[in-house]
Amino acid sequence: MTIRDKLHDFFTKGKISMGFGKSLANITDDPRVNLPVSEITRIREDLDYYSDVFADVHFYNTNNERRQRKLSTLSVTHQAARKLASVIFNEQVTVSVTGENIDTFINGVLTDNLFNLKYEEYLETGIATGGFAIRPYVDNNKIKLAWVRADQFVPLQSNTNDIQSAVIVNRTTKSENNKTVWYSLLEFHEFDGISEETITNELYRSENVGEIGQQVNLPVLDEFADLPEQVVISDIVRPTFAYFKTPGKNNKSIESPLGIGIVENNKHVINAINTAQDQFHREVKLGKRRIAIDSTLMKPTAEHAGDEMSGAPAFDPDDDVFMKVGKTRDGKPIIEDLTNDIRVQQYSESLQVFVREFENNIGLSQGTLSTDATKSDKTATEVVSDNSETYRTRSSYITQVEKQIKELIISIVQLATKPELFDNQKAPLSVDLVNNPLEINLHFDDGVFVDKDKQLEEDLKVAMAGFMPKKQFLMRNYGLSEDDADKWLAELQSEAPETDNMSDEQAGMLGGNDGEGGEGSGGNDE
């Protein structure tokens with residue numbers, strides 16, 4: 001750090017300590033942020049839909065009294081996001097990078113950070129809200145992954161095609177003088193688009209949950225006392241974060257680089273689903289059996305001598321079937337069943353109509369969320385056909401998932417080549433990413449979308465006929481990386497002498513027959 005930089009830091013800290021630091025009501029008040037407030041509001045509302053946080057229902061009861069109750073919902077946003085996340089990414093996904101040392105290092109980092117498990121979880125929230133980010137960092141000589149939700153990630157100056165600079169917001173609460181105080185750590189990542197990224201850390205304090213607050217010095221909180229105010233990382237090819245954006249254009253803010261989730265264009269449908277569910281639940285609750293009886297029937301006509309239970313018959317204290325009413329107009333006592341049938345079919349059909357509309361809007365096949373009684377009786381091939389719409393939607397998402405994971409791997413390798421980030425001043429990797437870009441391969445398990453037995457059978461025929469390379473056969477049907485497929489073939493080649501009892505075609509598939517005549521196969525020497 002130069003003398004000029006030290007002087008700047010000294011006076012900046014002094015100014016902040018005296019209360020002359022910046023004050024932000026919203027993150028968008030910072031001049032470095034180029035995003036409309038509506039985008040921040042949209043994401044927060046989307047999270048409410050995902051979390052099933054809705055306003056109470058207000059109504060007037062029989063006595064014309066205003067009452068309120070919780071809305072009964074189907075959690076359809078969570079269900080849809082969960083379904084999409086599970087078919088897009090699961091624990092069967094494999095990552096391979098050309099170069100044994102790099103591949104081992106990357107898979108070690110991903111395993112240590114429970115990447116496959118965490119990625120599916122954050123992909124679920126990203127599908128609902130429009131995106132999320134992953135930021136690798138070095139901690140105790142190991143590379144860790146920080147997961148950033150959509151409401152914590154705000155782009156800075158950027159275009160609609162890519163986000164190269166952003167601010168990450170981390171909020172925490174403290175109790176000070178019996179009062180809750182909110183602290184916001186703003187982590188500004190500014191990439192120059194060429195080879196350098198500047199990371200600036202700023203801490204803000206607020207007594208209002210809805211505001212960022214007044215800037216304070218980092219050591220105010222012990223957990224940030226050792227955090228540098230600014231770090232510059234040089235000789236890199238991309239930012240140190242990787243952003244996932246949902247496929248499709250953000251039609252709510254055309255110029256925004258952020259993605260748009262499954263909630264934003266479907267709030268009216270989700271509201272209709274919840275309304276139908278709430279009314280049905282309400283009808284079931286209020287549709288209990290009710291019998292109206294004359295109040296005189298609750299009293300005995302005569303008292304019996306020695307009867308200890310005199311005055312009125314005893315009912316179970318939890319019994320709410322009978323309702324006392326006045327006499328009829330003709331003065332005769334009544335007993336009448338007031339119970340009405342619950343409209344199960346009408347509500348069920350209404351719900352299915354709205355759920356199917358929601359499925360169509362978000363790209364899920366019919367019956368994914370709605371009820372389809374015939375689906376369980378279908379063959380694997382029929383299920384694959386029925387899921388064709390979901391498969392097309394999945395393909396769009398996978399394109400964005402691949403982009404993020406590949407960018408994340410590059411960011412991890414970048415950090416792993418910087419010795420100054422590690423306590424022992426030794427970098428785990430030495431890679432020239434400018435002149436030697438990484439070759440990254442991802443393999444996604446197609447799951448229910450592919451009839452695996454049928455695919456294996458067809459691919460085996462094609463490979464036996466010589467129209468599919470053995471390596472591609474192994475990679476396609478067993479999810480192997482190119483390096484692992486080469487290892488399999490090498491081991492099979494070494495075992496070739498043990499395959500003499502097989503047919504030429506079988507031996508050829510296993511690498512034990514190169515298509516030559518039988519004279520070289522042994523057993524026919526003269």
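These numbers were taken from a predicted model, which means no experiment stands behind them. The first residue in the sequence is number 1, and the count goes up from there.
Counting only N and O atoms by type, the side chains of Glu211 and Tyr204 include no donor and acceptor under 3.5 Å apart. Between the side chains of Tyr119 and Asn90, no donor-acceptor pair of N or O atoms lies under 3.5 Å. There is no side-chain donor-acceptor pair under 3.5 Å between Asn274 and Thr73. In this model, a donor atom of one side chain and an acceptor atom of the other lie less than 3.5 Å apart for Arg66 and His58. A donor atom on one side chain and an acceptor atom on the other are not found under 3.5 Å apart for Glu357 and Asn266. A donor-acceptor contact closer than 3.5 angstrom is absent between the side chains of Gln215 and Ser23.
Taking CG of Asp56 as the start and CZ of Arg69 as the end, the distance is 9.5 Å to the nearest 0.5 Å.
When atom types are taken as modelled, the side chain of Asn26 and the backbone of Thr28 share no donor-acceptor pair closer than 3.5 angstrom. Formation of a donor-acceptor pair under 3.5 Å by the Glu190 side chain with backbone atoms of Ile199 is not found in this model. Here the side chain of Asn113 pairs a donor or acceptor atom with the backbone of Ile143 at under 3.5 angstrom.
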*Taking it one step at a time, do Glu39 and Asn250 satisfy side-chain hydrogen bond (donor to acceptor under 3.5 Å, both in side chains)?*
CA-CA 10 Å; Glu39 283 290 87; Asn250 184 340; 3.0 Å; yes

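Annotation: Phe153 is in aromatic contact with Phe241 [ring centroid separation under 6.0 Å].
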